[in-house]
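Read the structure below first, then the notes.
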Amino acid sequence: MIHGAKNFIDEVYQLDAIHPPVPGKFADFIFIRFLNSEVVTRAHARKLYDAIIQRCKINGYIIVFGHTPVLLSIYDLERDHLRLLQTIACDETQKSIFQYYILHYTKENRDC
């Protein structure tokens, strides 16, 4: 995804969520993958999510998805000025559904 995105946007980063190498930078779009039961614990998923959402610009978007159900509930995700826009999709060619969340960050003021 990173290599493909570089052709369409100015800056692309793949980061360590807990210790991002680009301090002070905020993103218009944040894609979060692997907050799933077969990858991390629920507590670690919460810690990662909390760290990652701090990097979203006001009026930015956070997209959460994975290959198994996301460990965080919509109640965990839709907080701190995040508003759910869309979730759950269907792949008609594979006859399957998959879980994802698109959230909009609407916080008026950010503590720096």
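Just so it is clear, the model here is predicted, and its values are computed rather than measured.
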**OP:** Enter the distance from I58:CD1 to D28:CG here, rounded to the nearest 0.5 Å.
**Re:** 11.5 Å

Subject >> Test side-chain contact (heavy atoms from CB on, under 4.5 Å) applied to V40 - qualifying residues, sequence neighbours left out >> reply: H44, A45, L48, L71

Original post:
Excluding sequence neighbours, so at least two apart, what forms ring pair (Phe, Tyr, Trp, His ring centres under 6.0 Å) with Y61?
Top reply: F29, H104

Original post:
Just how far is it from atom OH of Y101 to atom CD of Q86, taken to the nearest 0.5 Å?
Top reply: 13.0 Å

Subject >> Flag, side chain of D50 to backbone of K47, donor-acceptor distance under 3.5 Å >> reply: no

Original post:
Can the positive tip of R55 be found less than 6.0 Å from the middle of the six-membered ring of F26, inside 45° of the ring normal?
Top reply: yes

Original post:
Got a second to check how far I62's CD1 is from F31's CZ, nearest 0.5 Å?
Top reply: 11.0 Å

Original post:
Got a second to check how far L35's CG is from I52's CD1, nearest 0.5 Å?
Top reply: 6.0 Å

Original post:
Just how far is it from atom NZ of K57 to atom CG of N59, taken to the nearest 0.5 Å?
Top reply: 11.0 Å

**OP:** List the steps, then state whether side chain to side chain contact (heavy atoms under 4.5 Å, CB included) holds for V70 with N36.
**Re:** CA-CA 5 Å; V70 174; N36 308 91; 4.2 Å; yes

Original post:
Roughly how far apart are I74 CD1 and T87 OG1, rounded to 0.5 Å?
Top reply: 6.0 Å

Subject >> Close side-chain approach of I102 to Y100, heavy-atom, < 4.5 Å >> reply: yes

**OP:** Check I32 against Y49 and note the closest heavy-atom contact, atom names and distance.
**Re:** CD1-CD1, 3.9 Å

